[in-house]
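These numbers were taken from a predicted model, which means no experiment stands behind them.
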Amino acid sequence: MRAFAALLDRLSFTASRNAKLRLIRDHLADAPDPDRGWALAALTGGLSFNAAKPAMIRQAVEGRVDPELFRLSYDYVGDLAETVALIWPAQHGANREPELSEVIDALNGARRGEVQGLLETWLDALDADGRWALLKLVTGGLRVGVSARLAWQAAADYGRVQVADIQEVWHAQAPPYADLLAWLDGKADRPSAQAPGRFRPVMLAQPIDEAADLPRLDPAAYAAEWKWDGIRVQAVSEGGVKRLYSRTGEDVSAAFPDVVAALDYDGVIDGELMVLRDGRAAPFGDLQQRLNRKTADARLMASHPAGVRAYDLLAADGEDLRALPFVQRRARLEALVAAVGSDRIDLSPLVAFSTWDDLAAARAAPPPGDARSAEGLMLKRRDSVYEAGRPKGPWFKWKRDPHLIDAVLMYAQRGHGKRSSFYSDYTFGVWTQDADGVHALTPVGKAYFGFTDEELKQLDKFVRDHTVERFGPVRAVRADRTFGLVLEVAFEGLQRSKRHKSGVAMRFPRINRIRWDKPAKEADELPTLERMLD
């Protein structure tokens, strides 16, 4: 457990991508089996403990320290695992420090009533770093700046293979990945990737630079299609196994049984998961009603019918198509979608154009009925193979320009991980006016990125200097017609929402600019956003 704790601690304080890769690679080289495999599973989100809940951690710590002291400490620190790790009154020498594999084996076999006792025993035996790592492991929120792909890249570097080779076999393996690590050690052959219903590494597009890229590209060499505002999925149906994967390889089948049931073919479709009504793509907010759920009931499936808008075919009838050029894969895809004949699976249409000016005009005028769900365009070389990763040149994404509004900062909350001591999550609002002409702010969104580290320090200072109320970890800042901080907010889309007091919800809001120069009274009003809806 000590080596795993040291790894997480160093990762959390390391900003450099190359340094993170080196830390994970060294851990794979130095840690014994199966601990290094369990560490890899934790970093890639491959571990979950159904019997362990955050409430058990709270109950454990409140049994050891004054609950009010814990509440105040948690409010100040802003992170549950870090707070408990620091405040826990350990009984040194009472227990032997556990190994990582011992913790995981015990949690996997524990009943819910046994977990709290196990946690208390381990917390007593560990130092502060070990306690922090243990609680991060239990809650599943490591927050050390490592994505699954970064961990895969580190494993590839360790084994001196390509990251696509790791991704190709990953979903046919299970933690603690003994066969995979033996291959990377050079002690065994590459594990087989031939598992029915497996995930394939995805091909991603580069953002296009209009000034630099378009003049050197031949329009005749590219096909164009709409970039849809859903989530990228692989709809896999092989050997009787049907699964729906996110772009990162997460199995989301349980939340979309209606889509899985429609996978009546033998092959692997690459497409966009969306809510589809009468052949029209619904806004992303409709899909959000079904995301991150363990199940979906009949009522939800009827009101929010999900489907896949297909734009590539990776395999069909047992044949791997990824080495074929895009135009051939597209022809096979069109035939397959027509043969399936389901309203749950439709085809992403190609956009006809002869020149880049033609395509720019199309980009500015997305198809009627689907306009809110078309984020922009995808450009794909007609001769491009399906290559894992983000190669430069074959595919480009040409997104529509973001919307911009000026809003006023209303509330701030501490962040997590490296940002746990900063107020880095910002709720902002725009002005409304009642019948008597009285202005008030109504919240319209929340953003926690888009600013530099230096700007974060300035924003944090503003929040601390101008706090007027506190609500647990949240601070309300002064915001009225005569005083307030204006934030220029960029967002990809807007839709009506009954869940929000303002009646609108933003898609991907982020801080585009801090308007230190602009008076709060000159920020936008809610009717401005309502006109955007229309």
Side-chain angles (χ1 to χ4, degrees), residues 75 78 229 282-289 291-292 372 402-416 419-420 422-451 455-456 458-534:
D75 177 50
D229 188 14
F284 183 80
D286 286 16
L287 182 64
Q288 280 184 309
Q289 302 301 312
L291 293 177
N292 302 318
R372 291 187 190 174
H403 304 284
L404 296 173
I405 64 161
D406 287 333
V408 181
L409 176 64
M410 298 178 66
Y411 307 103
Q413 185 173 350
R414 280 197 184 91
H416 297 275
R419 290 182 169 183
S420 61
F422 291 97
Y423 286 92
S424 61
D425 297 8
Y426 307 112
T427 298
F428 47 85
V430 295
W431 295 109
T432 59
Q433 189 173 359
D434 64 18
D436 297 325
V438 177
H439 287 85
L441 286 168
T442 185
V444 293
K446 184 175 183 178
Y448 47 87
F449 68 100
F451 39 83
E455 288 173 329
L456 171 60
Q458 296 171 355
L459 289 165
D460 179 76
K461 185 176 187 305
F462 180 89
V463 171
R464 294 177 188 274
D465 289 347
H466 300 289
T467 296
V468 292
E469 287 185 271
R470 300 187 186 195
F471 309 94
V474 178
R475 290 195 180 194
V477 299
R478 183 183 171 190
D480 54 48
R481 296 290 284 181
T482 62
F483 182 88
L485 179 58
V486 177
L487 305 173
E488 183 179 81
V489 178
F491 55 96
E492 300 300 326
L494 197 68
Q495 65 189 61
R496 300 190 188 279
S497 172
K498 294 180 180 179
R499 295 190 302 113
H500 295 79
K501 182 179 179 181
S502 63
V504 298
M506 292 180 174
R507 173 82 162 130
F508 288 142
R510 67 262 189 198
I511 307 302
N512 193 59
R513 194 164 43 135
I514 305 172
R515 298 298 307 270
W516 301 102
D517 60 317
K518 191 163 190 173
K521 65 181 181 181
E522 294 182 12
D524 282 309
E525 298 187 353
L526 186 58
T528 301
L529 275 71
E530 292 171 340
R531 285 193 294 272
M532 289 182 180
L533 286 170
D534 298 329

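Residues that satisfy the ring-ring contact (aromatic ring centres under 6.0 Å, His included) test with Phe422, not counting sequence neighbours, are absent from this structure. Under the rule for a ring-ring contact (aromatic ring centres under 6.0 Å, His included), Tyr423 has no partner lying at least two apart in sequence or in another chain. Residues that satisfy the side-chain contact (heavy atoms from CB on, under 4.5 Å) test with Gln433, not counting sequence neighbours, are His439. Legend: residues meeting side-chain contact (heavy atoms from CB on, under 4.5 Å) with Lys446, ordered by chain and number and at least two apart, are Gln413, Asp425, Thr427. Applying the salt bridge (Lys or Arg N to Asp or Glu O under 4.0 Å) test to Arg414 and every residue at least two apart in sequence or in another chain returns nothing. For the side-chain hydrogen bond (donor to acceptor under 3.5 Å, both in side chains) test, residues two or more places apart in sequence or in another chain that qualify with Thr467 are Arg475. Residues satisfying the side-chain hydrogen bond (donor to acceptor under 3.5 Å, both in side chains) criterion with Arg510, sequence neighbours excluded, are Glu492. Residues satisfying the ring-ring contact (aromatic ring centres under 6.0 Å, His included) criterion with Tyr448, sequence neighbours excluded, are absent altogether. Partners of Asp286 under the side-chain hydrogen bond (donor to acceptor under 3.5 Å, both in side chains) rule, at least two apart in sequence or in another chain, are Arg277. Among residues two or more places apart in sequence or in another chain, the side-chain hydrogen bond (donor to acceptor under 3.5 Å, both in side chains) test is passed with Asp436 by none.
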Please output the side-chain donor-acceptor pairs of residues 476-489 that fall under 3.5 Å, not counting sequence neighbours, one pair per line with the distance.
| from | atom 1 | to | atom 2 | distance (Å) |
| --- | --- | --- | --- | --- |
| Arg478 | NE | Asp480 | OD2 | 3.2 |
| Arg478 | NH2 | Thr482 | OG1 | 3.4 |
| Asp480 | OD1 | Thr482 | N | 2.9 |
| Asp480 | OD1 | Thr482 | OG1 | 2.8 |
| Asp480 | OD1 | Phe483 | N | 2.7 |
| Arg481 | NH1 | Lys521 | O | 3.4 |
| Glu488 | OE1 | Asn512 | ND2 | 2.6 |
| Glu488 | OE1 | Arg513 | NE | 3.4 |
| Glu488 | OE2 | Arg513 | NH2 | 2.9 |

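Counting only residues at least two apart or on different chains, the salt bridge (charged side-chain N to carboxylate O under 4.0 Å, His left out) pairs with a member in residues 463-473 are Asp460-Arg464, Lys461-Asp465.
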